[in-house]
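Some notes on the structure that comes next.
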Amino acid sequence: MQKFVIKGGIPIEGEIQLRGAKNSALPIMAASLLCSGETILENCPRLTDIFVACRILTHLGCSCTLNQHTVSIIANNLINNEIPEDLMQEMRSSIIFLGAVLGRTGACQVSYPGGCELGPRPIDLHLDALRRMGAEIIQSEGRLLCSAPKGIHGATVHLKFPSVGATENILLAAVLAKGRTVIYNAAREPEICDLASFLRSCGAKIAGEGESTIVIDGVKSLKGCNYRIMPDRIAGITYLSAAAITGGKIKLNGTNGAQIENVISLLEQAGCRIYHMDNALYIYAPKRLLSISGIKTMPHPGFPTDAQAIFMALMTCAKGVSVFEENIFENRYRHVDALLKMGANIYVSGRIAVVEGVQQLSGANINATDLRGGAAMVLAGLAACGHTEIKQISHIDRGYESIETVLSDVGADIVRKEEYN
Ligand code: UD1
């Protein structure tokens, strides 16, 4: 078990290179199952979830090698269409393999992903859509036994919520299905566009990604290709926020500012100056941030739920009162207790959180509760006076590749230690 020890109060300054997005790499790795020949994915982050996805692919019979930030996958000879429960439980988003395995083999066995640290994680929208596409799904002893005796076929699917995972699973099942699939109220997140763009490079026929209606015409086969995973917009927001909370300035290389426009405008409201040049964003933060009156999480292009905890950390020491409304997940304020322990002034009622900025946070011993909540605690630690120790950092490692190295390279005092130290 490891922990982070942070000595706060140092403005960060320098350059950060952004890596590829985990939430884009995972469905694209699943999509490689649908391709003949070799798929080479560049700019893959080296994260535990990516290692789990490699293990799932290997279990299914693929050759999957990870060399630095490049993953090579050959899925010519599958030997399995079931994913064991232990691998399913290691990563909630393993459910994304369901559509791909079904699309490739016409049958699949997975276990129910169950609840997680953000609250219940239902997959009813995934299953309803796959049923419409010809899948028969039986639930038995926590396992989902899926088969498509007559093959997977195109269908019209109206999602009652624009679920990212459900949209991805439908895309994965539809690209090799017989006929046309139309997804209404599809998720519009940039990671959906990246998946569609990868599939199109392999020969799929997809139109409308990034909009609410996606049309997919099934093709007979797909061929692996070389593809570069898009930059991680949430990691990008985290590092911009690290500059914002410490009164620092950084150049963030490898970003796509258009994907985080709404977040950039909030950082500007908070008093930061941000410039976009070529593939980089420059942020200059004021000594003290200003509060932001209303931050409501919404499906893309709204404010991302994955940035809610991070912005809450910023607002804990901003001048004034900020109000948050979490509309995507039921249980996404678990970072609040740690922030309170650091001296923040936060009141939570249901999906609303009211944050009254304090002059200064103070270091404390805290536990990371989940991936983005843990990142928020790192940011709070960078701004606090004194030392902060964060335990259970495996949550943070799921989404940030060596966050301590990235931050210490721009001047932060953060080290990873074994917990017994
Ligand atoms: C993905 C992201 C996650 C992000 C989330 C919302 C990955 C690996 N994870 O998660 O980081 O926070 O999008 O942007 O890409 N829901 C249902 N039934 C379903 C599916 C979802 O009720 O069948 C509900 C969920 O409980 C949740 C909401 O819809 O309240 C959003 O979930 P969804 O968009 O599916 O998120 P994920 O794909 O799990």
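Atoms within a ligand are numbered from 1 in the order they appear, just like the ligands themselves. Reckoned from all heavy atoms, side chains included, excluding hydrogens, waters and symmetry mates.
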Exercise. Does ligand 1 have an atom that lies less than 4.0 angstrom from a heavy atom of Pro122?
Worked result: yes
Exercise. Does an N or O from Ser93, backbone or side chain, lie closer than 3.5 Å to an N or O of ligand 1?
Worked result: no
Problem set entry | Pairs where residues 174-197 contributes a residue and the test ring pair (Phe, Tyr, Trp, His ring centres under 6.0 Å) is met, not counting sequence neighbours | His158-Tyr184
Exercise. Salt-bridged, Lys160 to Asp124, with N to O below 4.0 Å?
Worked result: yes
For this session: Flag the pair Glu85 and Arg143 as a salt bridge only when some basic side-chain nitrogen lies within less than 4.0 angstrom of an acidic carboxylate oxygen.
Result: no
Problem set entry | N or O contact, Asp306 vs ligand 1, cut-off under 3.5 Å | yes
Exercise. Ligand 1 and Thr305, any nitrogen or oxygen pair closer than 3.5 angstrom?
Worked result: no
Exercise. Are Glu261 and His276 close enough that a side-chain donor and a side-chain acceptor fall under 3.5 Å?
Worked result: no
Exercise. Given that the side chain starts at C-beta and the backbone is N, CA, C, O, which of these parts of Leu125 lies under 4.0 Å from ligand 1, counting heavy atoms, or is it both or neither?
Worked result: both
Distance-only donor-acceptor hits, side chain of residues 250-259, under 3.5 Å, sequence neighbours excluded:
from   : atom 1 : to     : atom 2 : distance (Å)
Asn253 : ND2    : Glu15  : OE1    : 2.8
Thr255 : OG1    : Leu252 : O      : 3.3
Thr255 : OG1    : Asn279 : O      : 3.4
Asn256 : OD1    : Ala258 : N      : 3.1

Seminar exercise, completed: Ile123 heavy atoms within 4.0 Å reach ligand 1 at atoms 19 (C), 23 (O)
For this session: Report yes or no: does Arg332 have a heavy atom closer than 4.0 Å to ligand 1?
Result: yes
For this session: Give a yes/no verdict on whether any heavy atom in His126 is under 4.0 Å from an atom of ligand 1.
Result: yes
Problem set entry | Note: Asp306-Arg332 ion pair, threshold 4.0 Å (strictly below) | yes
For this session: State plainly whether the residues Asp232 and Arg19 are in salt-bridge range, i.e. N to O under 4.0 Å.
Result: no
Exercise. Given that the side chain starts at C-beta and the backbone is N, CA, C, O, which of these parts of Met298 lies under 4.0 Å from ligand 1, counting heavy atoms, or is it both or neither?
Worked result: neither
Exercise. Between Ile328 and ligand 1, which part of the residue brings a heavy atom under 4.0 Å of the ligand: side chain, backbone, both or neither?
Worked result: both
For this session: Run the ring-centre check on Phe324 versus Tyr333 and record whether the distance is less than 6.0 Å.
Result: no
For this session: Please lay out, stage by stage, how Arg416 and Asp397 fare under the test salt bridge (Lys or Arg N to Asp or Glu O under 4.0 Å).
Result: CA-CA 11 Å; Arg416 180 185 292 263; Asp397 289 334; 2.8 Å; yes
Problem set entry | Heteroatom distance test (Gly165, ligand 1): nitrogen or oxygen, under 3.5 angstrom | yes
For this session: Provide the number and element of each atom of ligand 1 under 4.0 Å from a heavy atom of Phe161.
Result: 28 (C), 29 (O), 31 (C)
Exercise. Between Val164 and ligand 1, does any nitrogen or oxygen pair lie at a separation below 3.5 Å?
Worked result: yes
Exercise. How does Asp124 reach ligand 1, if at all, at less than 4.0 Å between non-hydrogen atoms: by side chain, backbone, both, or neither?
Worked result: both
